Structures are given as structure tokens and as C-alpha cells.
Novice: 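Sharing a structure here in C-alpha cells format.
When reading the values below, keep in mind they use all heavy atoms of this one structure, side chains included, and skip hydrogens, waters and symmetry mates. In this text the structure is predicted, and so the values were computed from the model without any measurement.
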Amino acid sequence: QAQLVESGGGSVQSGGSLRLSCASSGYSYQLYCMAWFRQVPDNGREGVAAIDSEGTEFYTDSAKGRFTVSRDKTNGTLYLLMNELKLEDTATYFCTVRPGRCGNVYQATLVNLYVVWGQGTQVTVSS
């Protein structure tokens, strides 16, 4: 079973940047979709961005133009570079992976399609 470990969260001022990492192991999907979600207390997980095994990137409206998703195929690490951070970006960020292509941004960020999750990393944006 896939194992995922997020890191890189922290506290940053509005307008600042952070890069999250997700170390992955334990899977050997030829085609896969890796994604970032975020969650605030009392809310469900919200999709942020995804990338598939062919390198196609997908972004939800909240991330478009500010965040960049990437992955290192040599070691399976997923990244999320977050620029121009806003107060509303404050959340716990999770990475996940599933077999198969991402499809489109809706399919890539449909939380029910994912089974394995990391423990999350907290991002706090302050004014």
C-alpha cells in the first residue's frame, strides 16, 4: 500500500511563499494521479492541484496562477509551490495518490476517488 509523508508546512505572512513536499513509496502504478488537498476544521477536504504520471497538471480555481504542482519521478516526491499566499490558504495540506490518469480537474480532485492519505502538514498564513 502506498505510504505518503508530507512536509514543508509552516507559518508565513500573507503574500509569502512555501513549498510543500510529499515523499511517496509503496506503490508501482504505471499510470497514476497524485494530488494535493487541504482541509480546515469542520470542513471537508478541498482539492488544490494534481499531476499525473504523464506530467499533466491540474489546478482548482483557488490555486490557479499562484500554486505549481510538480513531482520528481526518480524518487516519487510530489511538490506544491505556493506563492502569493492568502489568509484563506490556511489549512492542513494532504497529499494522495491513486492509480490511473487524473482525467480532468474535477476527477483529479474528487476526494472520494482517493483511499491513501498522508498525515498532513499545517500551513498558517497571517496578515
Novice: Does a sphere of radius 6.0 Å around OH in Tyr106 hold more than 12 heavy atoms from other residues, nucleotides or ligands, not counting ones at 6.0 Å or beyond?
Specialist: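 No, because the 6.0 Å sphere around OH of Tyr106 holds 12 heavy atoms or fewer from other groups.
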Novice: What do you reckon, is CD of Gln30 surrounded by more than 12 foreign heavy atoms closer than 6.0 Å?
Specialist: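 Result for CD/Gln30: open.
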Novice: At their closest point, which heavy atom of Val5 faces which heavy atom of Gln119, and how far apart are they?
Specialist: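 Reported closest heavy-atom pair: CA-OE1, 3.7 Å.
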Novice: Using only atom types and a distance under 3.5 Å, with no angle test, would you say the side chain of Tyr114 pairs donor to acceptor with the backbone of Ala108?
Specialist: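 Here the side-chain-to-backbone pair exists.
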Novice: Between Trp117 and Phe37, does the ring centroid distance fall short of 6.0 Å?
Specialist: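 That pair passes the under 6.0 Å test.
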Novice: With distance as the sole criterion, is a donor-acceptor pair present between the side chains of Asn83 and Ser17 under 3.5 Å?
Specialist: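 Yes, Ser17 and Asn83 have a side-chain donor paired with an acceptor closer than 3.5 Å.
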Novice: Check for a donor-acceptor pair, side chain of Ser21 on one end and backbone N or O of Gly8 on the other, with a separation under 3.5 Å.
Specialist: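 No; judged by distance alone, with no hydrogens or angles, the pair does not exist.
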Novice: Of all the heavy-atom pairs spanning Tyr59 and Ala49, show the shortest one and how long it is.
Specialist: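 Heavy atoms only, the tightest pair is CD2-CB, 3.7 Å.
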Novice: One thing to verify: whether Arg66 and Glu84 come together as a salt bridge, which I'm taking to mean a side-chain N less than 4.0 angstrom from a carboxylate O.
Specialist: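 Salt bridge: no.
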Novice: Measure from the side-chain N and O atoms of Glu57 to the backbone N and O of Ser70, and report whether any donor-acceptor pair falls under 3.5 Å.
Specialist: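 Here the side-chain-to-backbone pair does not exist.
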Novice: Applying the side-chain hydrogen bond (donor to acceptor under 3.5 Å, both in side chains) criterion to Arg38, which one of Asp89, Thr90, Thr121, Asn43 satisfies it?
Specialist: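 Per the side-chain hydrogen bond (donor to acceptor under 3.5 Å, both in side chains) rule, the option paired with Arg38 is Asp89, out of Asp89, Thr90, Thr121, Asn43.
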Novice: Is it possible for you to say whether Leu113 and Phe58 belong to one hydrophobic cluster, with membership spreading through side-chain heavy-atom contacts below 4.5 Å?
Specialist: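 The answer is no; the residues belong to distinct hydrophobic clusters.
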Novice: I'd like to know whether CZ of Arg101 has more than 12 heavy-atom contacts from other residues, nucleotides or ligands below 6.0 angstrom.
Specialist: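 Count not over threshold, so no.
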Novice: Would you find a donor on one side and an acceptor on the other, under 3.5 Å apart, between the side chain of Thr96 and the backbone of Ala35?
Specialist: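 Between the backbone of Ala35 and the side chain of Thr96 there is no qualifying donor-acceptor contact (under 3.5 Å).
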